[in-house]
Each structure stands twice: as structure tokens, then as C-alpha cells.
Amino acid sequence: MKSITEVSNLENKRVLLRLDLNVPIKNQEIQDETRILKILPIINFLIKKKAKIIIISHVGRPKGKIQKELSLMPICKNLGSKLNRDIELISKNIYELKKNDLFTSIDEEILFLENIRFYSEEEKNDDNFSKQLASLADLYVNDAFSCSHRAHASVCKITEFLPSYSGLQLDTEIQALKKVTSEIKKPITCIIGGSKISTKIGIIKNLIPKFDNIIIVGGMANNILEYNGHSIGKSIKEDNCKDVIDEIFKTSKKFNCSIFYPEDVVVGKNLTDTPRIKSLNEIENNDLILDIGPKTIEKIILIIESSKTLLWNGPAGYFENVNFANGSFEIAKKIVEKNKNNSIYSVAGGGDTIAVLNQIDALDKFNFVSTAGGAFLEYLEGKDLPGITALN
Ligand code: 3PG
Ligand code: MG
């Protein structure tokens, strides 16, 4: 893998820069800027080298359709104000763009392409689409470690058509995760939560041999509760997970890894309802499980207390409403407390986990924070990430 820092002359070179600016947005407002802050170094580096930058990113999962509420406009504006520049967001169809039509004025340094997932070709890792993207630039930089587990056109296929390099943030993340995975002190615990059940549930089984404890919270925990015969009301869940969960429990016995999941929950009738603590057999048909309950928090705190290394991806509940953020906050606070007296090595990853940590000012109190969620977990699995393999 070659780093962009190894390229000697970038003056006037057009750089297609893949970033992960998939930040949480609510009513057109950015809820957490961390992913934007983390990529300022690569942009400043390229500006200093007098390169011309074409930013590619996605936000959300528009599935190949233009969705106004998933426009990158708020992110483009935010980045522009951080860099003290007017950055143009190009909404014109990518197939209609021509290299010579871009950067027509000499002082123009940065362009921003509209949400790349508005094109179905992106997720299909499409050849022609990648070629068209490549035709706009002289070289490609991936500074989106957090998307590198996706075999998508702007992460993967594109590297076949342009000289391709890793960016500064991607290099930092890989170095840090390499260090984490090679210097582990046991007992080691992994906390997995969040709402992307389909991305993560298959990963757990592969993590089991590497961990002493796996704590499952968030959306995936609902699947486990249902598997154990509890009603989960109208809570989020993934269909057809029985076999995966069977395997999780079987594998955990084989490798002597304790799997822990909620023993009580906090529910609401909707996302803005007042929170109610319930035991597992009190959950009603129209309840939504939105956080872990106090007994569960207490148990998790004990497990953290006994751990020497801790990796965390995915909030314990619907933290977007502070009434359901308590579980995530308590987990974070316990880790921070242990970190203070150096009795744990802690790593957190993922856009939403970062948002949780920022809300209680805990981001810099972990040993390392990765911007990546899914990619972070797949890296821990020991899997080759398509975006990284492509750079190699
Ligand atoms: C993330 O937020 O983890 C990345 O932006 C990837 O998003 P995805 O899970 O929708 O592919
Ligand atoms: Mg995310």
C-alpha cells in the first residue's frame, strides 16, 4: 500500500479523494462532526501540495436513488466553513461530467460530488461507473478507512483505473488497530451494539475465539432476546437469524467466551415517548426496546471492571434521544473511570459510538477512537477489507 505522502509532485494534479463523511444528520443539521474533523489533515495536505481535490462521499443508505434528505449539502457547507472556502457541491449527473469542465477557475481547489450512493452502480462496484469517475482525475486517494469493508465502486473498483494511494487518516487508523490487535492484555471484552444488525450479527461468531467476553446490546440484542423466546414488541430486528445465533452460542461454548446480553430493558411506545424500565417478560406488543435497563448496566459495569482490554462498537440504545442514552453513557463513564487509573486499554469505533462519547466529552479519554464501525469489526475479525486489498 502506497501512501499519498510518498508522491513527490502533486501540483495541479487532480485527486479523487474518497472520504467517509457519513455523519449523523437530523433536520439538515450535523449531530456530530468528528468524521469531518478527522479528514481536515488530508485536505490541508493536498491544498498545501497545490493539488485539485474532488471529494467523494456518501451519507446514509439511499440505495441508488436520489433522496433530498440525504444530500451532502450540509456537510459540504460545514467543511467549507472549516476550511474558510466556498466549496461547490456538484449535483450534475456524474456521467455528464468531463474533466476539462472542472476547475475552470485557477483558484478553485476543491469540488464536492453529491452523495455517491445516489447511483446504484456505486454499491455494485460497477466497472463503467468507476471508469467514468476515474476519467475526472489523475490519481485516487482512499482516506475512508470506515468504508473500506465495502466493495463499492468509489472504494474498490476505482483503483483499477487510477494510480491509488492511502490517505493520512486511513494510515493512522490501520497503524493504531495493528498495535491494538498485537498487544492485547487479557481478559479482553468486546461490546457490540448499534442498529446495523445485518452488518454485524455475522461478525460476532468470528470474534468469539479472540475474546473472553462479548457483550451484545443495541439492535442485535433484540434478536437474541427473541431467540430466547421473549416478546420484543415492535423493536428493530433482523429476520432469519436463528442459525447465526445458534452458531454464536455453540462457538462461544467451544472457545469459552461468555456472551452477555440484556437482562432488562427500557422501552417506549415511540422514539419520543417517556422511558419505562421493564423486565424481559413485561415487554408488550406495541413496545419498542430503546435502551438497556439498570440491572444490565450493573452487570456490564462488573464485566468492564474485570477487563484489561476493551473494544466497543455501537451504542446500547437509541441515544439520539437522550432519554434512551443512559446505557451508553454509563458504559462510557465506566470505561473512562478505568482509563483514568490506567487499568484498561480501551478502543472505541464507529460514527454513532463517537457521537455518544462526544455528548459526554469522553472522546479523548479512550486510548484510541476509530472513525470506523463495521470496518473496525471486520478488521478485528482478521478479514481482508476490500478497499485495503484494492490499494495493495
Ligand atoms: C459507516 O458509517 O460505518 C460507514 O460510512 C459505512 O456505512 P454503511 O454501513 O452504510 O456501508
Ligand atoms: Mg455509521
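All ligand and atom numbering here is 1-based and tracks the order in the structure.
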* Asked: Which atoms from ligand 1 have a heavy atom of Arg35 less than 4.0 Å away?
  -> 1 (C), 2 (O), 3 (O), 5 (O)
* Quick one: do the Ser166 and Asn142 side chains pair a donor with an acceptor below 3.5 Å? -> no
* Asked: What atoms of ligand 1 come closer than 4.0 angstrom to any heavy atom of Asp20?
  -> 1 (C), 4 (C), 5 (O)
* **Arg150: numbered ligand 1 atoms lying under 4.0 Å from its heavy atoms** => 8 (P), 9 (O), 11 (O)
* To do: Any atoms of ligand 1 less than 4.0 Å from a non-hydrogen atom of His58? List them with their elements.
  => 5 (O), 6 (C), 7 (O)
* Just distances here: any N/O of Asn22 and N/O of ligand 1 closer than 3.5 Å? -> yes
* **Among Arg14, Glu11, Lys13, side chain to side chain contact (heavy atoms under 4.5 Å, CB included) partner for Lys52** => Arg14
* **Glu160 side chain to Ser130 side chain, donor-acceptor N/O pair below 3.5 angstrom** => no
* Asked: In the hydrophobic clustering (ILVMFWY, side-chain contacts below 4.5 Å, transitive), which residues join Val266, or is it alone?
  -> Leu271, Ile277, Leu288, Leu290, Tyr318, Phe324
* **Numbered atoms of ligand 1 (with element) below 4.0 Å of Lys196, judged on heavy atoms** => 1 (C), 2 (O), 3 (O), 7 (O), 8 (P), 9 (O), 10 (O)
* What atoms of ligand 1 come closer than 4.0 angstrom to any heavy atom of Arg61? -> 8 (P), 9 (O), 10 (O)
* Structure fact -> Exactly one candidate in Leu17, Leu19, Leu72, Ile56 meets side chain to side chain contact (heavy atoms under 4.5 Å, CB included) with Phe112; the answer is Leu72
* To do: Go through Thr296 and Glu263 one step at a time and tell me if the side-chain hydrogen bond (donor to acceptor under 3.5 Å, both in side chains) criterion holds.
  => CA-CA 5 Å; Thr296 306; Glu263 295 182 354; 5.6 Å; no
* Side-chain H-bond candidate by donor/acceptor type, Asn326 with Asp291, under 3.5 Å -> no
* Which ligand 1 atoms are under 4.0 Å away from a heavy-atom of Arg117? -> 7 (O), 8 (P), 10 (O), 11 (O)
* Asked: Can Ser146 be said to touch ligand 1, with heavy atoms closer than 4.0 Å?
  -> yes
